[in-house]
Amino acid sequence: MPIFNYKCNKCGKVFETLLKSRSAQAECPECGSTELTPAPNRISVGHSTSNTCPAQAMCPGASAGGCGCAGGCCGHKH
């Protein structure tokens, strides 16, 4: 399930939520409003010229030679 970030238009809370699909309706955990604006992700993976995954530290299956998750857990395109 993808994680989406939103900002509530009613109370201003910024939060992330798991949604089963893009068509699923998210609601603010603070006030229950569904009037939300997509917010930027707080974690960003930059471009790397090395052979290792730039998000290697976040990959639980990482090995010394590379990411180890095949793009599944860190979102990095291998």
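Because the structure is predicted, anything quoted here is derived from the model rather than measured.
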Chemist: Side chains of L36 and C28: closer than 4.5 Å at any heavy-atom pair?
Modeler: yes

Chemist: Just how far is it from atom CD1 of I3 to atom CG of L18, taken to the nearest 0.5 Å?
Modeler: 5.0 Å

Chemist: Might you work through the side-chain contact (heavy atoms from CB on, under 4.5 Å) test for Y6 and V14, ending with a clear yes or no?
Modeler: CA-CA 6 Å; Y6 293 101; V14 177; over 6 Å; no

Chemist: Over all heavy atoms of both residues, which pair between A39 and K7 is shortest? Give the atoms and the distance, please.
Modeler: CB-N, 4.1 Å

Chemist: Considering only residues two or more places apart or on different chains, which pairs with a residue in residues 24-36 satisfy side chain to side chain donor-acceptor pair (under 3.5 Å)?
Modeler: none

Chemist: So how far is it from L19 CG to F4 CZ, rounded to the nearest 0.5 Å?
Modeler: 5.5 Å

